[in-house]
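In what follows, chains are A, B, ... by sequence order, proteins preceding strands, each numbered from 1. Nothing here was measured: the structure is a model prediction, and the numbers come from that model.
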Number of protein chains: 2
Amino acid sequence: MGKKSDITKAKLVDTAKALFLERGFDGLKMQELADKAYINKGLLHYYFKSKEALFQAVFQEAMENLFGGVAEELLSDHAIETKMHVIIDLYFDRLSANPGLPIFVLSEIHKNPTLNGLINLGDVAPMLMSAISSQMDKPEEIESFLHLVLSVVSLCVFPFAARPLLSQLIGDVNKFEAFVEKRRGYVKNISTHLISEL
Amino acid sequence: MGKKSDITKAKLVDTAKALFLERGFDGLKMQELADKAYINKGLLHYYFKSKEALFQAVFQEAMENLFGGVAEELLSDHAIETKMHVIIDLYFDRLSANPGLPIFVLSEIHKNPTLNGLINLGDVAPMLMSAISSQMDKPEEIESFLHLVLSVVSLCVFPFAARPLLSQLIGDVNKFEAFVEKRRGYVKNISTHLISEL
DNA sequence: GTCTATATTTCGATAGAC
DNA sequence: GTCTATCGAAATATAGAC
């Protein structure tokens with residue numbers, strides 16, 4: 001550890017993360033990646049044998065970044081309202097730091113549904129579902145709870161997925177962050193109402 | 001009209017719509033498009049001088065399909081609750097018929113924010129905003145109304161944007177349509193609660 | 001590890017016969 | 001209009017010197 005080559009690889013992976021999230025798998029070209037990482041294409045293939053191998057590393061981390069901790073919180077012993085507030089904070093924190101995450105993940109899965117199985121969403125989905133199911137007994141209650149979780153996630157994630165449009169709607173790109181911070185409180189507030197609908 | 005060549009062009013455009021929505025601008029290759037439209041690349045460039053020209057036609061229609069009628073409904077003389085219900089039905093109807101629409105539009109705008117200006121969103125955004133603003137007098141009320149509209153749109157659109165994930169969460173891809181139909185009523189119901197928060 | 005050079009394929013687009 | 005043939009550029013990936 002601490003070797004110069006580690007720095008090179010780390011810079012490569014960081015650059016790949018940023019560029020894949022910006023352009024998607026098809027949009028990013030290895031040449032640009034090499035340039036922005038201050039290396040050349042040869043070295044690039046030394047660290048990752050193919051574009052797909054590099055992409056999968058980036059995509060897997062993105063998935064974990066987007067879904068990690070949610071199932072755990074749903075399975076916790078917190079009150080439902082607390083759970084929702086924790087999840088809301090979790091999403092607003094992460095997405096404020098990384099707004100391109102949702103569009104990247106959703107778009108790549110849309111274009112290549114195989115990613116669903118390849119990555120460990122094969123674990124995440126059943127985990128989430130069992131987390132949701134374990135909250136309730138009857139099938140009807142399970143479905144209601146699923147609607148609640150989906151609503152909360154929708155309200156948190158969608159503004160980031162639609163960020164360019166929303167920025168233009170607000171009129172000033174710089175106001176987006178401020179708007180989103182206000183929205184965090186708004187979503188927390190209405191999550192309470194959604195719970196009382198259960 | 002009614003000429004054989006019109007049929008050829010129509011089939012080309014239809015195929016382009018389907019494939020661009022499936023793979024995005026970078027993901028779709030002209031060769032595959034020509035094959036699936038049962039023509040060749042030469043003829044393809046006869047109808048559209050470049051890939052970009054063809055894409056813009058498809059994208060513009062997608063934008064209209066995704067946003068058309070919303071501002072008009074917001075500007076109508078309906079009661080707020082009616083407006084929201086109309087918009088909810090509008091989105092669930094359109095997206096059930098064309099589930100790939102949101103991810104396509106949001107992803108392409110994300111990758112190329114210039115599309116924001118190129119297409120007539122330059123019209124749509126101020127139009128939407130003025131539609132929202134015209135509902136209320138004070139700035140505070142305008143922002144509240146914006147939150148309401150954003151919430152309703154989020155609840156309608158997000159399940160389609162996350163369709164592959166949601167399908168897996170439900171367990172059966174075939175159940176997605178049924179789930180979404182139930183969700184239409186759920187969203188209408190909570191839209192009423194959101195309005196009372198104004 | 002890191003580089004240059006190159007192999008190989010595929011891309012978007014054009015030329016020109018019919 | 002529709003086709004075949006092909007151009008030139010750009011793509012991913014590999015080979016081999018250092």
Tell me every residue that passes salt bridge (Lys or Arg N to Asp or Glu O under 4.0 Å) with [X], counting only those two or more places apart in sequence or in another chain.
X	result
B/K36	B/E32
B/R184	B/D89, B/D93, B/E181
B/K182	A/E143

By side chain to side chain donor-acceptor pair (under 3.5 Å) - contacts of [X] (at least two apart):
X	result
B/D14	none
B/K17	B/E61
B/T82	none
A/N174	none

Interface with DNA chain D, restricted to residues 27-41 of chain A and to heavy atoms under 4.0 Å: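 Correct list: A/L28, A/K29, A/M30, A/K41.
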
For B/F20, all residues meeting ring-ring contact (aromatic ring centres under 6.0 Å, His included), sequence neighbours excluded: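 Applying ring-ring contact (aromatic ring centres under 6.0 Å, His included) to B/F20 gives B/F55.
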
Positional range of nucleotides in DNA chain C within the contact set of chain A, heavy-atom, under 4.0 Å: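 Counting from the 5' end, contacts occupy C/dG1 to C/dT4.
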
Pairs involving residues 150-167 of chain A, ordered by first then second residue, that meet side chain to side chain donor-acceptor pair (under 3.5 Å) (sequence neighbours left out):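 Every side chain to side chain donor-acceptor pair (under 3.5 Å) pair that includes a residue of residues 150-167 of chain A, provided the two are not neighbours, is A/S151-B/R183, A/S151-B/Y186.
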
Positions of residues 43-54 of chain B (non-hydrogen atom under 4.0 Å from DNA chain C), listed by number: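 Heavy-atom cutoff 4.0 Å gives B/H45, B/K49, B/S50, B/K51.
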
